Peer 1: 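What follows is a single structure, and I will ask about it in a moment.
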Amino acid sequence: MADEARAMLDALMGADRNVPVEGASGADSQSGGGGPTRRQKRSCYDPDICPLYCAWSLSSQENPTWAESVAANEGAGGIDIFDLFTNTKSDIGTNPYRVDEHAREEFAALPEHEKRRLGYEDMLARKLQDLVRQCDRTVARNKEKLRREVAQAMKQRTAGSGRGNREDLIVTVNEEMLEKCASNVAKASLIEEEMASLVEKIEGLEEDEKKLLKVLSEEKIAEEAALKEKQADEDGKLAEPPKKKKKKKAKEAAPEETVDAPPAKIVDPRLLEVEKSKLTALLELQSLSLQLPPLRDNTDNLLRQLQYLRSDTSTDKVVCDVSGNFMSSRDADERIAAHYAGKQYVGWKLVRDKQKELQKKGFGLGGGGMGGDPRRG
């Protein structure tokens with residue numbers, strides 16, 4: 001009991017919790033009058049430091065992943081593998097070593113050859129491999145248990161029928177539900193066809209709009225050329241001496257300054273008609289696209305109810321391939337989200353991902369690192 005309490009205090013406050021802090025009363029007397037005692041910084045070479053914690057730093061100290069931020073202790077820069085499954089069915093006990101941030105940072109700053117010599121990453125890889133194999137056995141065992149439950153339920157359903165397990169489990173079908181499901185599928189198909197037709201129509205209108213704009217641009221250029229030619233003819237007929245021409249220009253300049261705004265731009269009615277048709281088609285397409293998702297969701301729900309055997313609840317279960325826990329395929333979204341955010345799933349996902357990462361680097365395969373802890377002599 002005392003050892004468990006000591007380990008808990010070590011995890012919460014640090015192994016050097018009883019060392020006097022600088023500035024504390026009585027620190028001088030405890031240190032023999034030689035000045036205040038400072039807490040000693042641990043090294044990754046100390047025999048009581050956890051090598052697994054030193055080898056498992058967060059992917060990014062500034063922006064760790066969501067799973068790492070959930071699994072890591074507050075203020076920690078690494079992950080203690082013994083804290084991943086505390087108070088769960090997968091609890092692997094307390095850490096027999098001391099967890100220290102300075103030691104982890106020291107190890108992270110070491111050159112690669114020294115890290116390889118110490119072998120901490122290889123130790124972590126082997127530990128993770130053991131945990132993954134243990135979890136895989138749990139997954140296989142629970143799947144076998146589920147298979148037996150389904151087989152037993154099938155045997156009970158077919159008892160006395162004389163047909164054995166070959167009897168079709170679906171003995172009754174809700175005709176009304178089946179008809180509604182078929183109607184929804186037909187409606188969805190019609191909506192999809194209509195949407196495809198509208199898309200083609202919109203694409204055709206866009207092509208017509210481009211062609212019309214090109215025609216209008218050519219017509220405008222022709223009109224401007226004709227207007228310039230007409231204006232040149234009129235200027236040639238009304239030619240006057242230079243002096244009078246200057247006075248005339250001066251007189252004509254005055255009314256130009258009084259013009260308030262340019263004439264209103266007239267939009268061609270043909271272009272207005274094309275844009276109106278395109279807008280109408282877009283609104284119809286939006287209305288149909290809003291009808292389709294609820295219809296599909298309703299159809300999926302009906303299909304699940306038709307395929308679900310209410311007399312055989314074991315067929316509703318599934319086994320999580322990551323954590324080995326049982327789940328229900330008909331759980332609400334909140335419960336499914338709670339499973340994927342739970343301590344066991346997050347912990348096992350981190351363990352599996354880290355094990356694959358280390359395996360790619362060559363750790364845990366028998367060739368990387370050292371078989372034992374080099375600190376032991």
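Numbering of residues begins at 1 and proceeds along the displayed sequence. Please read these numbers as outputs of a predicted model, since none were measured by experiment.
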Peer 1: Could you give me the CA-CA distance, side-chain angles and deciding distance for Lys361 and Glu357, then say whether salt bridge (charged side-chain N to carboxylate O under 4.0 Å, His left out) is met?
Peer 2: CA-CA 7 Å; Lys361 294 180 180 179; Glu357 175 189 336; 3.5 Å; yes
Peer 1: Residues two or more places apart in sequence or in another chain: which of them pass salt bridge (Lys or Arg N to Asp or Glu O under 4.0 Å) with Lys356?
Peer 2: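 With neighbours one apart ignored, the set is empty.
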Peer 1: Can you name the side-chain hydrogen bond (donor to acceptor under 3.5 Å, both in side chains) partners of Lys143, sequence neighbours left out?
Peer 2: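 Lys143 satisfies side-chain hydrogen bond (donor to acceptor under 3.5 Å, both in side chains) with Asp321 only.
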Peer 1: Just jot down the side chain to side chain contact (heavy atoms under 4.5 Å, CB included) partners of Ser90, sequence neighbours excluded, or say none.
Peer 2: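 Here the qualifying residues are Phe85, Thr88, Gln344, Trp348.
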Peer 1: Which pair of heavy atoms, one from Val139 and one from Gly324, lies closest together, and at what distance?
Peer 2: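 Shortest heavy-atom separation between Val139 and Gly324 comes out as CG2-CA, 3.5 Å.
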Peer 1: Between Arg141 and Asp136, does any side-chain N to carboxylate O distance fall below 4.0 Å?
Peer 2: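 Looking at Asp136 together with Arg141, the answer is no, because their closest N to O distance does not fall below 4.0 Å.
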Peer 1: Can you list the residues that meet the side chain to side chain contact (heavy atoms under 4.5 Å, CB included) rule with Asn298, with sequence neighbours excluded?
Peer 2: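 So Asn298 forms a side chain to side chain contact (heavy atoms under 4.5 Å, CB included) with Lys180, Asn184, Leu302.
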Peer 1: Would Ile221 and Leu271 show up in the same hydrophobic cluster when neighbours are defined by side-chain heavy atoms closer than 4.5 Å?
Peer 2: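 Unlinked, Ile221 and Leu271 end up in two clusters.
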Peer 1: Measure the shortest side-chain to side-chain distance between Pro51 and Leu118 over non-hydrogen atoms and say whether it is less than 4.5 angstrom.
Peer 2: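 They are not in contact (no side-chain heavy atoms under 4.5 Å apart), so the answer is no.
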Peer 1: Got Leu84 and Val346 here, is their nearest side-chain heavy-atom distance under 4.5 Å?
Peer 2: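 Leu84 vs Val346: side chains apart.
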Peer 1: Output the distance between atom NZ (Lys343) and atom CG (Asn87), rounded to the nearest 0.5 Å.
Peer 2: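 If I round to the nearest 0.5 Å, the distance is 6.0 Å.
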Peer 1: Looking at every non-hydrogen atom in both residues, tell me the closest pair between Ala72 and Ile79 and how far apart they are.
Peer 2: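 Heavy atoms of Ala72 and Ile79 come nearest at CB-CG1, 4.4 Å.
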Peer 1: Would the distance check show the side chain of Asp46 and the main-chain N or O of Asp48 forming a donor-acceptor pair, the cut-off being under 3.5 Å?
Peer 2: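 Looks like no, no N/O pair under 3.5 Å.
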Peer 1: Is it the case that one hydrophobic cluster holds both Val215 and Leu205, taking links as side-chain heavy atoms less than 4.5 Å apart, direct or via other members?
Peer 2: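 No, Val215 does not connect to Leu205 through the hydrophobic network.
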Peer 1: What pairs meet the salt bridge (charged side-chain N to carboxylate O under 4.0 Å, His left out) rule with one or both residues in residues 202-219, with sequence neighbours excluded?
Peer 2: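 Residue pairs with at least one partner in residues 202-219: Glu209-Lys278, Glu219-Arg270.
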Peer 1: Which distance, rounded to the nearest 0.5 Å, do you find between the CG of Leu58 and the CD of Glu68?
Peer 2: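 It is 5.0 Å, given to the nearest 0.5 Å.
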Peer 1: Is it the case that Arg116 places NZ or CZ above or below the six-membered ring of Phe363, under 6.0 angstrom from the centre and within 45 degrees of the axis?
Peer 2: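 Output yes; distance and angle both within limits.
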Peer 1: If you count heavy atoms of other groups shown closer than 6.0 angstrom to NZ of Lys187, is the number above 12?
Peer 2: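 No, NZ of Lys187 has 12 or fewer neighbouring heavy atoms, counting only those of other groups under 6.0 Å.
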Peer 1: Suppose clustering is done on Ile, Leu, Val, Met, Phe, Trp and Tyr with side-chain heavy atoms closer than 4.5 Å. Which residues sit in the same group as Val199?
Peer 2: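 The other cluster members (ILVMFWY side chains, heavy atoms under 4.5 Å, direct or chained) are Ile191, Met195, Leu198, Ile202, Leu282, Leu285, Leu288, Leu292, Leu295.
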Peer 1: Find out whether Tyr97 and Pro47 are in side-chain contact, i.e. whether some heavy atom of one side chain is under 4.5 Å from a heavy atom of the other.
Peer 2: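 Of all side-chain heavy-atom pairs linking Pro47 with Tyr97, none is under 4.5 Å.
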Peer 1: Working to the nearest 0.5 Å, report the span between CD of Gln291 and CG of Leu190.
Peer 2: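 Going from the CD atom of Gln291 to the CG atom of Leu190 covers 11.5 Å.
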Peer 1: Give the table of side-chain donor-acceptor pairs shorter than 3.5 Å for residues 102-109, with sequence neighbours excluded, one pair per line with atom names and distance.
Peer 2:
unit_1: His102; atom_1: ND1; unit_2: Arg42; atom_2: O; d: 2.7
unit_1: Arg104; atom_1: NE; unit_2: Glu101; atom_2: OE1; d: 3.3
unit_1: Arg104; atom_1: NH1; unit_2: Ser57; atom_2: OG; d: 2.8
unit_1: Arg104; atom_1: NH2; unit_2: Glu101; atom_2: OE1; d: 3.1
unit_1: Glu106; atom_1: OE1; unit_2: Ser43; atom_2: OG; d: 2.9
unit_1: Glu106; atom_1: OE1; unit_2: Cys44; atom_2: N; d: 2.8
unit_1: Glu106; atom_1: OE2; unit_2: Ser43; atom_2: OG; d: 3.3

Peer 1: Tyr340: which residues meet the ring-ring contact (aromatic ring centres under 6.0 Å, His included) condition with it, sequence neighbours left out?
Peer 2: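 Once residues adjacent in sequence are excluded, the partners of Tyr340 under the ring-ring contact (aromatic ring centres under 6.0 Å, His included) criterion are Tyr345.
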Peer 1: Could you give the distance from CD (Glu149) to CD (Glu144), rounded to the nearest 0.5 Å?
Peer 2: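 Going from CD on Glu149 over to CD on Glu144, the span is 11.0 Å.
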Peer 1: With rounding to the nearest 0.5 angstrom, report the OH to CG distance, Tyr53 to Leu124.
Peer 2: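 Answer for the OH-CG pair, Tyr53 versus Leu124, is 12.5 Å.
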Peer 1: Let me see the working for Lys354 and Trp56 under side chain to side chain contact (heavy atoms under 4.5 Å, CB included), right down to the final yes or no.
Peer 2: CA-CA 9 Å; Lys354 188 65 177 179; Trp56 196 345; 3.7 Å; yes
Peer 1: Please say yes or no: joined through hydrophobic side-chain contacts below 4.5 Å, possibly via intermediate residues, are Val322 and Trp66 part of one cluster?
Peer 2: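 Yes; tracing contacts between hydrophobic side chains, which count when under 4.5 Å, links both residues.
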Peer 1: Do Ile81 and Leu131 have side chains that approach each other closer than 4.5 Å (heavy atoms only, starting at C-beta)?
Peer 2: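 Ile81 vs Leu131: side chains touch.
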Peer 1: Kindly write out the residues that satisfy salt bridge (Lys or Arg N to Asp or Glu O under 4.0 Å) with Glu229, not counting sequence neighbours, or none if the list is empty.
Peer 2: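 Once residues adjacent in sequence are excluded, Glu229 has no partner under the salt bridge (Lys or Arg N to Asp or Glu O under 4.0 Å) criterion.
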Peer 1: Among residues at least two apart in sequence or on other chains, which ones pass side chain to side chain contact (heavy atoms under 4.5 Å, CB included) with Gln355?
Peer 2: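 Per chain and number, Gln355 pairs via side chain to side chain contact (heavy atoms under 4.5 Å, CB included) with Leu128, Gln129, Val132, Gln359.
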Peer 1: Are any side-chain N or O atoms of Ser287 and backbone N or O atoms of Glu284, one a donor and one an acceptor, separated by less than 3.5 Å?
Peer 2: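 Not at all, since once roles are kept as given, no pair shorter than 3.5 Å links the two residues.
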Peer 1: Would you call Leu146 and Phe326 a side-chain contact if the rule is heavy atoms closer than 4.5 Å?
Peer 2: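 Yes, their side chains come closer than 4.5 Å.
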Peer 1: Using 4.0 Å as the upper bound for N to carboxylate O, is an ion pair formed by Glu223 and Lys220?
Peer 2: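 Not counted as a salt bridge, because no side-chain N and carboxylate O are separated by less than 4.0 Å.
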Peer 1: So, using side chain to side chain contact (heavy atoms under 4.5 Å, CB included) as the criterion, who are the partners of Glu273 when residues are at least two apart?
Peer 2: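 Glu273: side chain to side chain contact (heavy atoms under 4.5 Å, CB included) contacts with Ser277.
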Peer 1: For the atom pair CZ (Arg126) and CG (Leu52), what is the distance rounded to the nearest 0.5 Å?
Peer 2: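 If I round to the nearest 0.5 Å, the distance is 10.0 Å.
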Peer 1: Could you tell me whether the side chain of Asn325 and the main chain of Cys320 form a donor-acceptor pair under 3.5 Å?
Peer 2: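 No: the side chain of Asn325 does not pair with the backbone of Cys320.
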Peer 1: Name all residues meeting the side-chain hydrogen bond (donor to acceptor under 3.5 Å, both in side chains) criterion together with Glu192; count only those two or more places apart in sequence or in a different chain, and write none if there are none.
Peer 2: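 Expected list: Arg296.
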